[in-house]
Protein chains: 2
Amino acid sequence: MDSGDLAVFAAVAKTGGITRAAQALNTVQSNVTHRIQMLEAELGVPLFHRHTRGVTLTSAGEKLLPYAERIARLIGEAREAAADGPVARGKIIIGSLETTAALRLPPVLASYAAACPEVDIEIMTGTTAAMIEAVLAHRVEAAFVAGPVDHPDLVALPVVEEELVLATAPWIDDIAKLRDRAGQLKIVVFRAGCTYRVYLERLLAARGLVDVRRLEFGTLDGLIGCVAAGIGVTLLPRAVLAKAESEGRVALHAVPDKDAKVTTVLVRRGDSFVSTALRRFIETAQDFWRDRAPEQKVAAARIAPQARHSPRKR
Amino acid sequence: MDSGDLAVFAAVAKTGGITRAAQALNTVQSNVTHRIQMLEAELGVPLFHRHTRGVTLTSAGEKLLPYAERIARLIGEAREAAADGPVARGKIIIGSLETTAALRLPPVLASYAAACPEVDIEIMTGTTAAMIEAVLAHRVEAAFVAGPVDHPDLVALPVVEEELVLATAPWIDDIAKLRDRAGQLKIVVFRAGCTYRVYLERLLAARGLVDVRRLEFGTLDGLIGCVAAGIGVTLLPRAVLAKAESEGRVALHAVPDKDAKVTTVLVRRGDSFVSTALRRFIETAQDFWRDRAPEQKVAAARIAPQARHSPRKR
DNA sequence: CAAATGCCATCGATAAACCTGATGGGGAAC
DNA sequence: GTTCCCCATCAGGTTTATCGATGGCATTTG
């Protein structure tokens, strides 16, 4: 039993058929059949139930599958780890909240792109929950999300603390007046699952505003436009709204301290290999925020030098 | 790069020499040299510094080594998790009628648990029909059901013959009197689909009692309590009712021979692999009943020895 | 009811990978 | 300088993997 056999096995399990697995593996069906049979003979256990529409895992197969997946992933990581050198190259995929991506990421990316020209960068945006899921599923190497994050498989580095402010139409000069219009009020959020939405609803509920309607937007500009038009209110980092406020499109209202601060953290898997490209990215991000925004009290403990040669720890 | 390559690599790293690794791996030096070279070529990085006293890891090699060790360990664990050997281990799921589970199974399970401590056992209860369906769908490995079972994909081993008796409230001394109370009479059964229910309805219908109401119970105690209270009658194996009768809670009435005997059989798929754990369970069950209840005429043909390493057959 | 489809097992031939044993070169120890 | 140990290379044979084709089986389609 070697990793090749397990890869074939996993492909069959995933596709639910030997024929389908064969074409997924760019080989022929007889080949897959043979390797599965060899594997079953070696283990002394059938791994699949054969039926006319394909195959399904036996209980032994179900026990084996997670190992096959872990081993496949480790093989990939091993290849990356060994091929990785002191100079950052390859590709990294970074997740981010939309607000962070719009506000904080561009200068970092510019700096990183200059420092590591051989790295392809891809940014995925989504909610905190979606990004954490993406990190856990290895779809992104790391992600900027709203903290705090407490998950045994993740490590989180605080990068910047945002002040959340309530944005309303410009003619609203007092939050208290919102209650008069509670019926028509909407909260305007990026999308379901957005962390800031939870903060906003809690904040409004504390003021007796419950059961307000939601309006979801996919773009920051559209969202601000909605607020400017008086359709609803939103809660976003002050820096995101600064420009709109200076243009007189929205009015900003401070919120109580306990609701006002949210720390953006960079999360990554604790047990995964950190490529040079990713390490350099994290360093760049931290350098950037620490050097150019020193007034912000960021608990920016430099990422601890990783034990590069014992990447795993449970 | 597969796990075999990594195993060779790890051996070289551990022994500090290609020649030494070769004899540790029971192979020839040229072989090890070649595979290391292939691995280095694939990764595009040298893994060892060669010098006259042997080899030492390069930095790339040092990064790769922990992965090689982890993967080797996982391969072993995977084999351990899935493989079936001469010693019973793993998990078996056994289906059973509720009556059989309550009456016949506990001593068998005690014996089996002592003999095969490394096996996790799960008992599912349900009606004959449900259990047969579960066996066919691979949800349980085998099941105790009411015979006879005649299905092309199933093999049934008779394990014990039960005498079914009619139980009524203790003041009923003659079944014939039941007809006088036909209006209020209920039949009390485990649940819809119970095999004994079919027997009971047939038996009552033969006496002109049709269209009686049903009362379904999930527990044996509740069911007997109902009968004791005169709410209805039930049909169950004599052994199940023996205690209640001795306490005077119910009266038992023999039923005609043709309806009285039901053979409990153990069914399993005929075409499925029989794990060591399951084989030992079947043996334990048969040994138990044969040895300790020799008076019972059980057609206890011992299960045929299986061909362990050709797990499939169509 | 027959033809067609989709799926898996099997087979023989070919190609690739692997293992083997022998040889040669190079540096360190004696 | 000689010996010893170690690694790289090479030609060979053997095992293993792969391929394409064929057939059986059960369901689906016409």
Side-chain angles (χ1 to χ4, degrees), chain A residues 1-43 45-58 60-61 68 75, chain B residues 1-43 45-58 60-61 75 136-138 151-154 269-273 307 309-314:
Chain A
M1 177 168 70
D2 71 354
S3 56
D5 297 323
L6 291 178
V8 173
F9 162 76
V12 175
K14 177 155 42 182
T15 60
I18 290 180
T19 303
R20 285 183 287 274
Q23 65 192 57
L25 295 167
N26 289 312
T27 182
V28 287
Q29 166 263 327
S30 61
N31 211 321
V32 177
T33 295
H34 187 241
R35 293 191 72 157
I36 294 295
Q37 286 176 336
M38 290 296 102
L39 196 52
E40 289 177 326
E42 181 186 342
L43 293 173
V45 173
L47 297 170
F48 294 100
H49 291 124
R50 276 78 165 171
H51 44 78
T52 58
R53 313 302 300 160
V55 299
T56 53
L57 287 169
T58 62
I75 294 268
Chain B
M1 176 168 72
D2 70 354
S3 55
D5 297 323
L6 291 178
V8 173
F9 162 77
V12 175
K14 178 155 39 182
T15 60
I18 290 180
T19 302
R20 283 183 288 274
Q23 63 192 60
L25 295 167
N26 289 311
T27 182
V28 204
Q29 166 263 327
S30 61
N31 210 321
V32 177
T33 295
H34 186 241
R35 293 191 71 157
I36 294 296
Q37 285 176 337
M38 289 295 100
L39 195 52
E40 289 176 326
E42 181 186 340
L43 294 173
V45 180
L47 296 171
F48 294 100
H49 294 121
R50 276 80 165 171
H51 41 79
T52 59
R53 313 302 298 162
V55 299
T56 52
L57 287 168
T58 62
I75 293 265
L136 289 172
H138 302 283
H151 188 288
D153 292 345
L154 297 178
R269 289 187 65 107
D271 62 351
S272 244
F273 173 76
H309 289 152
S310 56
R312 198 197 47 83
K313 174 181 54 184
R314 277 234 156 180

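In what follows, chains are A, B, ... by sequence order, proteins preceding strands, each numbered from 1.
Atom CG of Asp2(B) and atom C1' of dT16(D) are 13 Å apart (whole Å). Residue Ile18(B) contributes atom CD1, which lies 6 Å from atom C1' of dC7(D) at whole-angstrom precision. Per the geometry, CZ belonging to Phe48(B) stands 15 Å off P belonging to dC6(D), to the nearest Å. Between the NE2 atom of His51(B) and the P atom of dC5(D) there is a distance of 17 Å, rounded to whole Å. Between Leu39(A) atom CG and dA9(C) atom P there is a gap of 13 Å when expressed in whole angstrom units. Between Ile36(A) atom CD1 and dC8(C) atom C1' there is a gap of 12 Å when expressed in whole angstrom units. Protein atom CG of Asp5(B) is 11 Å distant from nucleotide atom C1' of dC18(C), rounded to whole Å. Atom pair Met38(B):CE and dA8(D):P shows a separation of 12 Å (rounding to whole Å applied).
The nucleotide whose nearest atom lies closest to any side-chain atom of Thr27(B) is, among dA28(C), dA26(D), dC19(C), dC19(C). Comparing atom distances between the Val28(B) side chain and each of dG27(C), dC8(C), dT20(C) picks out dT20(C) as nearest. Taking every side-chain heavy atom of Arg20(A) into account, dC7(C) is the closest of dT27(D), dC7(C), dC8(C). Between dC19(D), dC7(D), dC8(C), one nucleotide has an atom nearer to the side chain of Thr19(B) than all others, and that is dC7(D).
In terms of phosphate contacts, Arg35(B) brings a side-chain nitrogen or oxygen within less than 4.0 Å of OP1 or OP2 of dC19(C). Using a 4.0 Å cut-off, no side-chain N or O of Arg50(B) falls inside it from OP1 or OP2 of dC6(D). The side chain of Thr33(A) contributes an N or O atom lying less than 4.0 Å from OP1 or OP2 of dA9(C).
With hydrogens and angles left out, the side chain of Gln37(A) and the base of dA9(C) share no donor-acceptor pair within 3.5 Å. Contact annotation: side chain of Ser30(B) to base of dG21(C), donor-acceptor pair present below 3.5 Å.
Minimum interatomic distance between Leu57(B) and Ala13(B) (heavy atoms only, all atoms of both residues): CD2-CB, 4.0 Å. Met1(A) and Asp5(A) get closest at one heavy-atom pair: CA-OD2, 3.6 Å.
Relative orientation of the Phe9(A) and Phe48(A) rings is tilted, given thresholds of 30° and 60° on the angle between their planes.
Atom CZ of residue Arg35(A) and atom CG of residue Leu6(A) lie 9.5 Å apart, to the nearest 0.5 angstrom.
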Original post:
Given the rule in the side chain to side chain contact (heavy atoms under 4.5 Å, CB included) test, do Ile75(B) and Asp2(A) qualify, once you have shown the distances and angles that lead to the verdict?
Top reply: CA-CA 7 Å; Ile75(B) 293 265; Asp2(A) 71 354; 5.5 Å; no
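Along DNA chain D, the nucleotide nearest Asn31(B) and the nucleotide nearest Asn26(A) are compared for position; the residue whose nucleotide lies closer to the 5' end is Asn31(B).
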